[in-house]
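First comes the structure, then the notes that go with it.
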Amino acid sequence: MEFPLVQLELPSWLSLRFEDDSTVWTTREERMHLVIELARANVKKRTGGPFGAAIFERDTGKLIAPGVNLVTSSHCSVAHAEIIAIMIAQQHRKHFDLGAPGLPPCELVTSCEPCAMCLGAIPWSGIRSLVCGARDEDARQIGFDEGAKPVEWIAELQRRDICVYRDILRNEAVKELIDYRDQGGLIYNSREG
């Protein structure tokens with residue numbers, strides 16, 4: 001049996017967006033504006049779902065890796081924005097551990113709190129802080145299945161020395177989810193059982 005090559009292709013607009021871009025995003029709000037912009041563009045250009053993410057050097061605000069949801073365009077249920085950003089950052093840094101000695105601490109900024117899968121990937125990635133816009137319940141409200149997450153997921157990350165910041169521009173992030181649903185966007189992975 002021959003298996004197909006598994007390859008995820010980033011949308012061309014994503015690379016063009018950051019061509020010759022040396023912007024430094026100094027505040028969590030600036031970083032969240034960027035990931036909400038990515039989520040909006042992803043839907044508008046029909047390259048995936050209404051979720052954006054990015055990894056920054058936590059202390060300098062330098063962008064390391066953008067990520068957008070590619071589930072529908074790649075036919076891959078694990079191609080969430082956070083996973084895409086983590087994969088790009090690790091390839092860029094040439095290390096599987098973004099928190100390895102000698103590397104500046106990384107911050108993952110995501111337009112919505114992580115689903116169960118993405119939550120599991122965060123500690124393994126070496127991320128040192130997580131910044132979230134919309135909440136888990138906001139995504140569930142429009143029909144997305146976020147999976148089974150521990151009730152105390154924030155405390156679990158904090159026990160691993162990963163800082164968590166919630167509700168950063170939450171209303172703007174929720175608006176993108178609602179707009180996606182209202183425009184007839186595909187609510188995928190919606191089976192809860």
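All residue numbers refer to positions in the sequence shown, counting from 1.
Looking only at distances, a side-chain donor or acceptor of Asn42 sits under 3.5 Å from a matching main-chain atom of Gly49. Proximity of a side-chain donor or acceptor of Ser15 to a complementary backbone N or O of Ser12 within less than 3.5 Å is not detected. Side-chain N or O atoms of Arg58 include none that pairs as donor or acceptor with a backbone N or O of Glu107 at under 3.5 Å. Using a distance-only test at 3.5 Å, with no hydrogens or angles considered, no donor-acceptor pair links the side chain of Glu156 to the main chain of Glu152.
The shortest side-chain heavy-atom distance between Lys149 and Asp136 falls under the 4.5 Å cut-off. Counting heavy atoms from C-beta on, the side chains of Val68 and Ile84 never come closer than 4.5 Å. In this structure, Ser73 and Arg46 have side chains that are not in contact, with every pair of non-hydrogen atoms separated by 4.5 Å or more. Side-chain atoms of Ile36 and Leu169, non-hydrogen and from C-beta on, do get closer than 4.5 Å to each other. Side-chain contact between Cys132 and Pro114: present, with at least one pair of heavy atoms (C-beta onward) separated by less than 4.5 Å. Looking at heavy atoms from C-beta onward, Pro150 lies in side-chain contact with Leu119 at the 4.5 angstrom threshold. The closest side-chain heavy-atom distance from Val71 to Leu186 is not below 4.5 Å. When side chains are defined from C-beta on, Ile64 does not count as touching Phe56, because their heavy atoms never get closer than 4.5 Å.
Note on residues 76-116: no pairs pass ring-ring contact (aromatic ring centres under 6.0 Å, His included), not counting sequence neighbours.
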For Thr23 and Leu63, what are the C-alpha separation, side-chain angles and deciding distance, and is it a side chain to side chain contact (heavy atoms under 4.5 Å, CB included)?
CA-CA 8 Å; Thr23 305; Leu63 177 68; over 6 Å; no

Just do the side chain to side chain contact (heavy atoms under 4.5 Å, CB included) check on Cys106 and Arg93 with the steps written out, would you?
CA-CA 11 Å; Cys106 291; Arg93 289 279 164 96; 3.8 Å; yes

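Nearest heavy atom pair, residue Asn69 against residue Ala81, reads N-CB, 3.6 Å. In terms of heavy atoms, Ala116 sits closest to Ala148 at CB-O, 3.5 Å. Across all non-hydrogen atoms, the minimal contact from Leu157 to Pro123 is CD2-CG, 3.8 Å.
Residue-environment remark: CD (Glu29) exceeds the threshold of 12 foreign heavy atoms within 6.0 Å. Shown here is Gln91, whose CD atom has no more than 12 heavy atoms of other residues, nucleotides or ligands within 6.0 Å. The local environment of CD in Glu9 is sparse, with at most 12 non-hydrogen atoms from other residues, nucleotides or ligands closer than 6.0 Å.
Under the side-chain contact (heavy atoms from CB on, under 4.5 Å) test applied with Thr110, the options Glu82, Met32, Arg31 reduce to a single match, Glu82.
The distance between the ring centers of Phe51 and Tyr180 does not fall below 6.0 angstrom.
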Please set out all donor-acceptor pairs under 3.5 angstrom arising from side-chain atoms of residues 160-168, sequence neighbours excluded.
residue	atom	partner	partner atom	Å
Tyr165	OH	Arg28	NH2	3.1
Arg166	NE	Glu113	OE2	2.6
Arg166	NH2	Glu113	OE2	3.0
Asp167	OD1	Arg135	NE	2.8
Asp167	OD2	Arg135	NE	3.4
Asp167	OD2	Arg135	NH2	2.7

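Hydrophobic clustering (side-chain heavy atoms under 4.5 Å, transitive across Ile, Leu, Val, Met, Phe, Trp, Tyr) groups Leu70 together with Ile88.
Salt-bridge annotation for Glu172 and Lys175: absent, with no side-chain N of the basic residue lying under 4.0 Å from a carboxylate O of the acidic one. Taking a cutoff of 4.0 Å between a charged side-chain nitrogen and a carboxylate oxygen, Glu176 and Arg40 qualify as a salt bridge.
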